[in-house]
Each structure stands twice: as structure tokens, then as C-alpha cells.
Amino acid sequence: MTARRRYWLMKSEPEAFSIDDLQRVDIEPWNGVRNYQARNFMRDGMRVGDGVLFYHSNTAVPGIVGTATVASEAYPDETQFDPKSDYHDPKSTREEPRWHLVDIKFERKLSRTISLDEIKRHADRLGEEFALIRRGNRLSVFPVSAAQYKYLLSLE
DNA sequence: GCCAACGTTGGC
DNA sequence: GCCAACGTTGGC
């Protein structure tokens with residue numbers, strides 16, 4: 001029996017790691033997530049093959065710029081153990097790692113950016129609870145329904 | 001660069 | 001366990 005594919009949206013600042021960077025490296029460990037809710041989605045919710053909307057945040061035109069897939073089960077984020085890393089967490093141990101991640105694999109770049117502005121104009125179709133357009137939302141990883149995923153990509 | 005909206009930390 | 005202070009996110 002095959003479990004149904006799930007869908008997610010993952011934010012990245014293009015200056016730090018863009019869709020072009022993902023295309024170049026093909027597979028990337030999604031390190032640096034230091035928010036428990038986002039971690040829980042990766043650790044407990046994601047499965048290999050799940051669909052990912054790749055979103056550029058904190059940039060001139062924030063929006064969805066590509067798609068990717070989940071390419072691994074969750075495993076500990078190495079950067080938490082590295083004192084030289086920006087993501088170092090002195091309270092985390094190898095015996096009980098605090099932060100987990102998954103590998104993300106490039107799928108495709110969209111022909112154009114589906115901007116946040118445009119997404120907001122489709123709020124009625126996406127539902128008021130859609131995390132991206134909910135006021136004050138800062139989650140960098142969150143679930144998207146199959147219908148939302150399909151609808152967002154149909155805007156391309 | 002500003003700042004609202006959060007999440008986390010730590011003193012008490 | 002409260003909550004002020006602090007740090008971060010991310011749109012604008």
C-alpha cells in the first residue's frame with residue numbers, strides 16, 4: 001500500500017540559497033531550520049517523494065520559483081554540532097540531537113515567479129488559513145494541501 | 001533599513 | 001509559571 005503524497009512549502013532567502021543553487025547542486029540537506037514547528041514537519045511529516053514548493057523570501061519579489069521533492073528520511077542536521085557554524089546549537093548532543101532535516105531534490109524552475117502579491121489575490125481560492133498569507137506567519141516550512149499545490153502551480 | 005509579529009530565554 | 005527582554009523573520 002502506497003501512502004498518499006504530501007505537499008509542502010519551503011522558504012529560502014535567495015541570497016543564502018536560491019532555486020538556481022538547488023538546480024546546481026541537485027540535492028541539498030535543508031540545514032539551518034531552528035524552529036520547532038518547522039522541524040516537526042520535516043522530522044515527522046515528510047516522506048521521500050513528497051512535493052515541495054520552493055519559495056524565495058526576503059527579496060524584491062517574494063514568491064514561488066520552483067518545485068522540488070523530498071529526497072530522504074529525516075536525519076540529524078550536522079551543522080548543530082559544528083561550533084564554527086552559524087547554526088551551531090551548544091545545547092544539542094549527538095546522543096539526543098535537537099534538529100533534524102531532510103534532503104531536498106531539485107525538480108524544476110517555474111517559467112515565472114508566482115509572487116506573494118499574486119498569491120494573496122487568490123486568497124479566496126486558497127483558504128484564509130493558508131499559512132503563507134496568514135498575518136504574521138513566519139514559518140519557513142509548512143504543509144500545503146494537494147488542492148492548494150495544484151492550484152498554485154496552475155497560476156504559472 | 002524599518003518594524004510588526006513572533007518565538008525563545010532567563011530572572012524571579 | 002509569568003513575563004520582560006531579546007533575537008529573528010520577512011514584507012515593505
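Since we're looking at a predicted model, the values are computed, not measured. By convention in this document, chain letters (A, B, ...) are assigned in the order of the sequence lines, proteins followed by strands, and residues within each chain are numbered from 1.
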What is the distance from [atom1] of [X] to [atom2] of [N], rounded to the nearest Å?
{"X": "A:Phe17", "N": "C:dG10", "atom1": "CZ", "atom2": "P", "answer": "16 Å"}
{"X": "A:Asn137", "N": "C:dC12", "atom1": "CG", "atom2": "P", "answer": "13 Å"}
{"X": "A:Asp89", "N": "C:dG7", "atom1": "CG", "atom2": "C1'", "answer": "15 Å"}
{"X": "A:Arg134", "N": "B:dC6", "atom1": "CZ", "atom2": "C1'", "answer": "12 Å"}
{"X": "A:Asn58", "N": "B:dC2", "atom1": "CG", "atom2": "P", "answer": "15 Å"}
{"X": "A:Arg39", "N": "B:dT8", "atom1": "CZ", "atom2": "P", "answer": "10 Å"}
{"X": "A:Glu13", "N": "C:dC12", "atom1": "CD", "atom2": "P", "answer": "15 Å"}
{"X": "A:Tyr36", "N": "B:dT9", "atom1": "OH", "atom2": "C1'", "answer": "11 Å"}

Please state whether the phosphate of [N], meaning OP1 or OP2, lies under 4.0 angstrom from any side-chain nitrogen or oxygen of [X].
{"X": "A:Lys120", "N": "C:dC12", "value": "yes"}
{"X": "A:Lys11", "N": "C:dG10", "value": "yes"}
{"X": "A:Tyr55", "N": "C:dG11", "value": "yes"}

Between the main-chain N or O of [Y] and the side-chain N or O of [X], is there a donor-acceptor pair closer than 3.5 Å?
{"X": "A:Lys11", "Y": "A:Leu139", "result": "yes"}
{"X": "A:Arg47", "Y": "A:Arg6", "result": "no"}
{"X": "A:Ser18", "Y": "A:Asp20", "result": "yes"}

Only pairs at least two apart or in different chains count here, so list each side chain to side chain donor-acceptor pair (under 3.5 Å) that has a residue in residues 68-77 of chain A.
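Side chain to side chain donor-acceptor pair (under 3.5 Å) check on residues 68-77 of chain A returns A:Arg34-A:Asp77, A:Tyr75-A:Asp103, A:Asp77-A:Thr79.
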
Out of C:dG11, C:dT8, B:dT9, which has the shortest distance to the side chain of A:Arg138?
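Closest of the options to the side chain of A:Arg138: C:dT8.
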
Under the criterion salt bridge (charged side-chain N to carboxylate O under 4.0 Å, His left out), I'd like the reasoning laid out for A:Asp21 against A:Arg24: C-alpha separation, chi angles, the key distance, then a yes or no.
CA-CA 5 Å; A:Asp21 293 326; A:Arg24 199 171 306 120; 2.7 Å; yes

Which residue lies toward the 5' end of DNA chain B, A:Lys91 or A:Gln37, if each is placed at its nearest nucleotide?
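The 5'-side residue here is A:Gln37.
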
Nearest-nucleotide wise, let me know which of A:Gly32 and A:Asp117 is further upstream toward the 5' end of DNA chain C.
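The residue closer to the strand's 5' end, by nearest nucleotide, is A:Gly32.
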
Would you state whether a donor and an acceptor, one from the side chain of A:Arg34 and one from the base of C:dT8, lie under 3.5 Å apart?
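There is none.
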
